[in-house]
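Start at 1 and go down the list; that is how both ligands and their atoms are numbered.
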Amino acid sequence: MNQEELFKNVISHSKEYGFIFQSSEIYDGLSAVYDYGQLGVELKKNLRDFWWKSMVQMHANIVGIDAAIFMHPTTWKASGHVDAFNDPLIDNKDSKKRYRADVLIEDYIAKINAKADKEVEKAKAKFGESFDEVLYRQTNTRVLESINKAAQIEARFKEALEQNNLEEVRQIIIDCEIACPISGTKNWTEVRQFNLMFSTQIGSLSEDSNTIYLRPETAQGIFVNYLNVQKTGRMKIPFGIAQTGKAFRNEIVARQFIFRMREFEQMEMQFFVRPGTEMEWYHYWKDTRMKWHQALGLGENKHKFHDHLKLAHYANAACDIEFEFPFGFKELEGIHSRTDFDLKKHESFSGKKLQYFDPELNESYVPYVVETSIGLDRLFLAVMSQAYMEEKLEDGTSRVVLSIPYALAPIKAAILPLVNKDGLPEKADEIVNLLKYDFNVATEAKDAIGKRYRRNDAIGTPFCITVDYDTMENNTVTIRNRDTMTQERVAISDLWTILNRDVSVSNLLKKC
Ligand code: ATP
């Protein structure tokens, strides 16, 4: 199964088993909007809870809030979103398709770098143990050519972005001979800026001042509340405020399933620090967040840092944590040192002081902010695409298994009566009643037991607990492990302890 097939399979599997549905499907769907089904909502909630616990519960100096989606319209003037939250767009005149100009160029650069990596891989396979990758990259002409070409385009692109030179961005597309993937032609329009915020009206219509926006990020709800939280929570700098919630962006390149949606969920944390210490905290949060991702066990070398070429108007350092999705390495989380930009702007637009009195320094200042911002839907996609596996078994059959980390699995254990009679279903219900207070468990009596095992493998259930005739005699059951498929006979009275040992989220939290 190549990566393209994997991605297609993840999408169809997500629908078939009730993880993700296209929004309003009966009306042919709404582009780049998705609904989470009965299993998807559980996985999403578990991911959110894991993030929340690792941020809020595990850090004495981080608290959470839940701000409203609607905010005073001046918020978005102050934050710069009204004037500068734009994407550079370009249309292909033949296919009439619209693209983000920056994405076209970045994909092109990634392709050139991938070509160099391929050469290196080939040489590695050829020379084996004695291969010196660093030397090869520095000396092989074909590799050098690709690396230099990519670096040159990158430098030119960076300069064009910094100068906001849209003509030059277009010229790079022309010079690189980038073609529209649909029409195959290089017949491009000018590059234009397009604002990504959705707007609507509050209260009575018509007056201009009644226009409000659906928040394009959750961060501003934290900034405008930072003093409320600091004062009422008696927080001392450095401290953080965490929030999860919906954000909305009128994305133009609306593809790649739940990777880029128009309505999505963010999990953000703003960490307020003393000015001058922000770089120290920026590096702290880079390390901490990378460790968090690795605790999920999605595989080694699946994550990497990518420093931003062009810093956003509010940042003095920024990077992404990228994940290797089936369509390549792409942004999963952003870590930004946002300086005092946002708070200072809110001070000037609101006319209210947003200073913190630092008792240790005996002075007041506007704190600096380091932010970690991750898309919950992208994390969901990362987990699904890494978990989906098609396995050939020893007996010649095959199975699909979702190897979701146990603690995050939608259902932790399926309690399965071997047959649907002779008191076995009632015994299964008893076990459900024993476990349901602490674990999300399910019971299922329909179909042959093998078929039920396969179904539970396909939805990522770590354990299948089977009730058979021996259970009725001696109160023992078999417990089958999703990954190893081995079965063990255990006492019903031990089930709680076994589940608690293996599916508890504290296993993940301890690795962070
Ligand atoms: P991109 O460059 O991919 O558009 P971004 O840099 O605009 O992303 P941020 O503004 O840093 O993204 O938002 C923080 C996080 O929110 C991202 O790392 C991503 O996980 C998530 N996110 C942003 N836009 C979307 C979207 N349209 N759909 C799903 N998740 C998103």
Open item on the list: Using a 4.0 Å heavy-atom cut-off, which part of His336 comes near ligand 1: side chain, backbone, both, or neither?
Closed with: side chain
TODO: Classify the side-chain pair Tyr365/Asp340 by whether it contains a donor and acceptor separated by less than 3.5 Å.
DONE: no
Task: The one among Arg262, Arg249, Gln256 that brings a heavy atom closest to atom 10 (O) of ligand 1 - done: Arg249
- [ ] Would you check if there is a donor-acceptor pair between the side chains of Thr218 and Glu268 at a distance under 3.5 Å?
- [x] yes
TODO: State whether the shortest distance between N or O atoms of Phe264 and N or O atoms of ligand 1 falls below 3.5 angstrom.
DONE: no
- [ ] Output yes when the distance from some N or O of ligand 1 to some N or O of Glu331 is under 3.5 Å, and no in every other case.
- [x] yes
TODO: Report yes if Ile374 has an N/O atom closer than 3.5 Å to an N/O atom of ligand 1; otherwise report no.
DONE: no
- [ ] Kindly confirm or rule out a cation-pi arrangement of Lys412 over Tyr406, judged by NZ or CZ under 6.0 Å from the six-membered ring centre and within 45° of its axis?
- [x] no
Open item on the list: Does only the side chain of Arg260 get under 4.0 Å from ligand 1, or the backbone, or both, or neither? Count heavy atoms.
Closed with: both
TODO: Check each atom of ligand 1 against the heavy atoms of Ser373 and keep those under 4.0 Å away; list them by number with element.
DONE: 13 (O), 14 (C), 15 (C), 18 (O)
Open item on the list: Under 3.5 Å, is there a donor on one side chain and an acceptor on the other for Gln220 and His81?
Closed with: no
- [ ] Please state whether the rings of Tyr34 and Phe257 are parallel, tilted or perpendicular, taking 30° and 60° as the class boundaries.
- [x] perpendicular
- [ ] Heavy-atom contacts with Glu333 under 4.0 Å: which atoms of ligand 1 show up? List them by number with element.
- [x] 18 (O)
Open item on the list: Can you confirm if the aromatic rings of Tyr36 and Phe380 lie within a centre distance of less than 6.0 Å?
Closed with: yes
- [ ] Determine whether any heavy atom of Leu332 lies closer than 4.0 Å to an atom of ligand 1.
- [x] yes
TODO: Within a distance under 4.0 Å of any heavy atom of Gly334, pick out the atoms of ligand 1 and give their elements.
DONE: 18 (O)
Open item on the list: Can you confirm whether or not the ring centre of Tyr17 sits under 6.0 Å from the ring centre of Phe19?
Closed with: no
Task: atom 19 (C) of ligand 1: nearest protein contact (heavy atom, Å) - done: Arg378 NH1, 3.5 Å
TODO: Under 4.0 Å, heavy atoms only, figure out whether ligand 1 is touched by the backbone of Gln266, its side chain, both or neither.
DONE: side chain
Open item on the list: Checking the side chain of Arg482 only, and the main-chain atoms of Ala458 only, is there a donor and an acceptor separated by less than 3.5 Å?
Closed with: no
TODO: Below 4.0 angstrom from a heavy atom of Glu251, which ligand 1 atoms are there? Numbered from 1 as shown, please.
DONE: 24 (N), 26 (C), 27 (N)
Open item on the list: Tell me whether Lys286 forms a cation-pi arrangement with Phe305, defined as NZ or CZ under 6.0 Å from the six-membered ring centre and within 45 degrees of its axis.
Closed with: yes
Open item on the list: Could you work out, for atom 26 (C) of ligand 1, the closest of His308, Met261, Arg100 by heavy-atom distance?
Closed with: Met261
Task: atom 21 (C) of ligand 1 - nearest protein heavy atom and its distance - done: Gly375 CA, 3.6 Å
Task: Centroid-centroid under 6.0 Å between His13 and Tyr388 rings - done: yes
- [ ] For atom 29 (C) of ligand 1, find the nearest protein heavy atom and state the residue, atom name and distance (0.1 Å precision).
- [x] Phe259 O, 3.2 Å
